[in-house]
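A short write-up of the structure that comes next.
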Amino acid sequence: GYNYSSGVWQFEGYGYVPQGTSGVCIMQVFGANAPHATTLMLRVYNESLTYYRGPVLVPNIDNRWFRINVIHDVNASKVNVFIDGVLKYEAPGQGGTFYYFKCGVYAQNNDSDYMESRWKDIKVFKKCN
């Protein structure tokens, strides 16, 4: 659900990644123009939260609950990532015609044998004019 193609949308949720989970994507804005499949990908590598494979947004992210807010302004082609209420990254969009938020866990490069993320209090907001 929550496919969107325009406007300003926000994902909010509390995430938890246990120690030992590495090389995984835990959250993304899916949808982009080729050669990209996603506009945003947040990964965990070696206990740090990264934007794609770098830069590190938050070191020592494992074994604690953290709040993620991702605000996607489709018309301005801009994505802002907040962790625990602090702006950690502002990225340009990757184009596309529709988008949706994904959270959970799936393998990426050099993934660990153990992969887990937990989520609670997930909300999706749309800015109304």
Side-chain angles (χ1 to χ4, degrees):
Y2 299 111
N3 268 358
Y4 61 96
S5 60
S6 64
V8 179
W9 289 75
Q10 177 178 338
F11 171 94
E12 178 179 281
Y14 289 86
Y16 181 94
V17 180
Q19 188 172 17
T21 295
S22 186
V24 298
C25 174
I26 62 165
M27 194 280 162
Q28 71 182 133
V29 175
F30 190 82
N33 288 335
H36 304 281
T38 62
T39 291
L40 170 75
M41 186 176 290
L42 299 178
R43 296 178 175 176
V44 173
Y45 281 102
N46 302 319
E47 303 169 1
S48 296
L49 183 67
T50 65
Y51 172 77
Y52 287 89
R53 287 202 59 118
V56 170
L57 303 182
V58 180
N60 304 315
I61 196 79
D62 62 339
N63 286 337
R64 68 177 181 90
W65 286 99
F66 52 91
R67 188 177 83 214
I68 292 181
N69 292 85
V70 174
I71 300 172
H72 185 193
D73 185 335
V74 177
N75 300 338
S77 192
K78 183 172 72 171
V79 178
N80 289 324
V81 178
F82 293 83
I83 306 296
D84 294 326
V86 177
L87 178 63
K88 293 293 184 175
Y89 204 75
E90 184 173 39
Q94 298 287 343
T97 56
F98 68 91
Y99 307 91
Y100 58 94
F101 297 110
K102 290 172 62 175
C103 67
V105 65
Y106 71 90
Q108 286 293 304
N109 304 331
N110 303 316
D111 55 311
S112 59
D113 291 334
Y114 178 76
M115 296 186 295
E116 180 183 351
S117 74
R118 301 174 200 158
W119 292 89
K120 65 181 182 180
D121 299 330
I122 294 172
K123 299 175 184 130
V124 176
F125 302 100
K126 179 183 183 202
K127 181 179 179 182
C128 297
N129 295 333

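Looking at His72 and Leu40, their side chains never come closer than 4.5 Å, going by heavy atoms from C-beta outward. Here the side chains of Val105 and Val17 are not in contact, with every heavy-atom distance at 4.5 Å or above.
For the atom pair Ile83 CD1 and Ile68 CD1, the distance stands at 4.5 Å (nearest 0.5 Å). Separation of atoms CZ (Arg53) and CZ (Arg43) is listed at 6.5 Å; rounding is to 0.5 Å. Atom CE of residue Met27 and atom CE of residue Met41 lie 11.0 Å apart, to the nearest 0.5 angstrom. Interatomic distance, Glu47 CD to Asp62 CG, rounded to the nearest 0.5 Å: 4.0 Å.
Sorted by first and then second residue, the ring pair (Phe, Tyr, Trp, His ring centres under 6.0 Å) pairs involving residues 105-128 (not counting sequence neighbours) are Phe11-Trp119. Listed by first then second residue, pairs satisfying salt bridge (charged side-chain N to carboxylate O under 4.0 Å, His left out) with a partner in residues 10-27 read Glu12-Lys123, not counting sequence neighbours. Applying the ring pair (Phe, Tyr, Trp, His ring centres under 6.0 Å) definition to pairs two or more places apart or across chains, those involving residues 13-44 are Tyr16-Trp65, Phe30-Tyr100. Applying the ring pair (Phe, Tyr, Trp, His ring centres under 6.0 Å) test to pairs two or more places apart or on separate chains, those with a residue in residues 39-63 are Tyr51-Tyr89.
Nearest heavy atoms, Gly54 versus Thr50: N-CB, 4.1 Å. Among all heavy-atom pairs drawn from Ser48 and Asn60, the shortest one is OG-N, 4.1 Å. Shown here for Gly104 and Ser117, the closest heavy-atom pair between the two residues is O-OG, 2.5 Å. Looking at every heavy atom in both residues, Gly31 comes nearest to Thr39 through O-OG1, 2.6 Å.
Residues satisfying the salt bridge (Lys or Arg N to Asp or Glu O under 4.0 Å) test with Asp73, not counting sequence neighbours, are none. Qualifying salt bridge (Lys or Arg N to Asp or Glu O under 4.0 Å) partners for Arg67, counting only residues two or more places apart in sequence or in other chains: none.
Without hydrogens or angle criteria, Ser112 side chain to Gly20 main chain gives a donor-acceptor distance under 3.5 Å. A donor-acceptor pair under 3.5 Å is formed between the side chain of Ser22 and the backbone N or O of Asn46. Looking only at distances, no side-chain donor or acceptor of Ser77 sits under 3.5 Å from a matching main-chain atom of Pro92. The backbone N or O of Gly96 lies less than 3.5 Å from a partner atom in the side chain of Asn33, making a donor-acceptor pair. Between the side chain of Thr21 and the backbone N or O of Glu116 there is at least one donor-acceptor pair closer than 3.5 Å. No side-chain donor-acceptor contact under 3.5 Å links Asn69 to the backbone of Phe82.
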Pair Leu42-Lys88, side-chain contact (heavy atoms from CB on, under 4.5 Å): steps then yes or no: CA-CA 12 Å; Leu42 299 178; Lys88 293 293 184 175; over 6 Å; no

side-chain contact (heavy atoms from CB on, under 4.5 Å) between Ile122 and Cys103, intermediate numbers included: CA-CA 10 Å; Ile122 294 172; Cys103 67; 3.6 Å; yes

Taking it one step at a time, do Trp9 and Phe101 satisfy side-chain contact (heavy atoms from CB on, under 4.5 Å)? CA-CA 10 Å; Trp9 289 75; Phe101 297 110; 4.0 Å; yes

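Heavy-atom neighbours of Asn75 CG from other residues, nucleotides or ligands within 6.0 Å: above the threshold of 12.
Both Val79 and Phe66 belong to a common hydrophobic cluster when Ile, Leu, Val, Met, Phe, Trp and Tyr are linked at side-chain heavy-atom distances under 4.5 angstrom. Linking Ile, Leu, Val, Met, Phe, Trp and Tyr residues whenever their side-chain heavy atoms come within less than 4.5 Å leaves Val86 and Leu57 in two separate clusters.
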